[in-house]
2 protein chains.
Amino acid sequence: MSPRIGLDLPTIVEAAAEIADTSGIEEVTLASLAQKLGIRSPSLYNHVNGLKGLRLQLAIYGLKLLTESINDAINGKSGDEAIHAIAAAYMAFARAHPGLYELTLRAPDADDVEYAAYAQALVNIMVETLRVYGLDYDLTIHIVRGFRSYLHGFASIEQKGGFGMPQAVDESLKQVLNTYLIGLHHS
Amino acid sequence: MSPRIGLDLPTIVEAAAEIADTSGIEEVTLASLAQKLGIRSPSLYNHVNGLKGLRLQLAIYGLKLLTESINDAINGKSGDEAIHAIAAAYMAFARAHPGLYELTLRAPDADDVEYAAYAQALVNIMVETLRVYGLDYDLTIHIVRGFRSYLHGFASIEQKGGFGMPQAVDESLKQVLNTYLIGLHHS
DNA sequence: TGCAAAAACTAATACCATTAGTTTATTATA
DNA sequence: TATAATAAACTAATGGTATTAGTTTTTGCA
């Protein structure tokens with residue numbers, strides 16, 4: 001079935017993710033990736049639909065890792081504790097994989113079935129975690145949107161060095177989350 | 001002093017912003033911009049430090065527009081009303097200038113003095129708006145970070161089509177903000 | 001053993017940014 | 001008014017990029 005074994009999609013995507021995390025996402029080119037893998041760049045078209053296809057695979061891979069990581073973090077927790085655990089796991093992923101994270105939330109083709117499925121899974125985790133608060137469905141959707149927006153914005157701004165003093169960012173993350181949760185408990 | 005008058009930095013940056021908003025930020029190339037302006041692409045180097053310099057100018061221009069827009073929106077308001085006005089103006093800008101907004105929060109060189117000054121001005125507006133709540137300084141910084149993160153994350157996710165149902169996003173924006181403000185009033 | 005398919009390859013094309021060196025037009029000065 | 005300096009355009013050339021087409025090679029299976 002497969003000649004020239006030893007090079008498959010996971011290997012390619014992981015190599016690309018490593019470039020993204022260590023050198024930045026604009027260094028992820030078919031040329032640099034091919035060089036890292038010891039092949040010529042047109043050969044990549046046998047595994048991936050060009051640069052656009054590679055980026056989509058990276059987005060799927062990142063979303064999968066992120067979702068798994070959050071699922072692990074949430075294990076056995078509920079309520080406010082679970083919310084804080086999600087936030088911590090989210091930030092830990094963004095910090096450990098800066099390039100991959102950036103590609104994760106920037107799917108060139110958000111209509112892709114696999115990407116959409118993982119994205120929905122992440123939303124479902126949050127919806128499920130909020131269940132204990134007994135909110136009605138519409139409000140739950142609003143709150144989840146706010147939570148996602150906050151986490152993504154925080155990770156994104158931090159990654160770009162947008163927060164002046166770097167020592168207190170974790171404190172900010174928690175304080176803001178607590179403020180949000182207090183508001184939630186009072187509404 | 002200036003031969004061949006008629007082409008200056010603002011003209012160039014506005015043309016580039018138009019490309020970004022109508023065709024997407026990856027269509028902003030020196031080639032496409034030069035064509036739009038009726039010149040050859042190397043001529044752009046007389047006004048801008050290459051593609052990187054162009055992107056920096058776009059980020060500065062966008063940040064300036066955004067800050068002015070928010071300043072206008074806040075006029076005469078205070079407290080919760082001012083917070084909601086900031087959020088509305090922020091989202092209005094991101095929606096009216098999708099490409100420029102994306103470039104605004106992605107300065108290739110965040111150390112640039114002019115860019116940093118506008119960014120600080122935006123933070124100052126928020127700090128000032130929160131003054132009426134009488135929070136201590138540290139908490140104010142945390143809350144501003146949360147506010148910025150939320151707004152950026154919301155705009156960013158919406159732009160990528162990350163919210164499933166598009167009809168209720170404004171409702172989400174307000175609801176979440178209200179929840180956040182309730183938490184603020186109770187802490 | 002031979003055949004088909006998959007995955008590598010080479011060669012070529014088109015687009016892009018960038019640099020170097022040249023021309024041209026405008027402004028300021030003598 | 002004529003001339004020199006300067007800024008902004010230009011052409012030409014280089015190197016990097018993705019991508020396509022067509023070819024070779026290797027592997028698995030009949």
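Each chain gets a letter, A, B and so on, in the order its sequence line appears, and its residues count up from 1.
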Can you measure [X] atom [atom1] to [N] atom [atom2] for me and round it to whole angstrom units?
X	N	atom1	atom2	value
Ile39(A)	dT25(D)	CD1	P	18 Å
Leu54(B)	dT18(C)	CG	C1'	14 Å
Leu7(B)	dA25(C)	CG	P	16 Å
Leu51(B)	dT17(D)	CG	P	15 Å
Ile25(B)	dC16(C)	CD1	C1'	17 Å
Arg55(A)	dT17(D)	CZ	P	13 Å
Lys52(A)	dT20(D)	NZ	P	12 Å
Leu30(B)	dT17(D)	CG	C1'	15 Å

With sugar-phosphate meaning primed atoms plus P, OP1 and OP2, does Ser43(B) contact a base, only sugar-phosphate, or nothing at under 4.0 Å between heavy atoms?
-> base

Does [X] have a side-chain nitrogen or oxygen under 4.0 Å from the phosphate oxygens OP1 or OP2 of [N]?
X	N	value
Arg40(A)	dA8(C)	no
Tyr45(A)	dT19(D)	yes
His47(B)	dA9(D)	yes

Look at the aromatic rings of [X] and [Y] and report parallel, tilted or perpendicular, splitting at 30° and 60°.
X	Y	result
His185(B)	Tyr133(B)	tilted
Tyr90(B)	Tyr101(B)	perpendicular
Phe154(A)	Tyr150(A)	perpendicular

Relative to the 5' end of DNA chain D, which residue comes earlier, Ser32(A) or Pro42(A), by the nucleotide with the nearest heavy atom?
-> Ser32(A)

Indicate yes or no: does Lys64(B) engage Glu114(B) in a salt bridge with an N to O separation below 4.0 Å.
-> no

Is any side-chain heavy atom of Leu135(A) closer than 4.5 Å to a side-chain heavy atom of Leu184(A)?
-> yes

For the side chain of Asn46(B), counting heavy atoms from C-beta on, which of dA9(D), dT20(D), dA8(C) is nearest?
-> dA9(D)

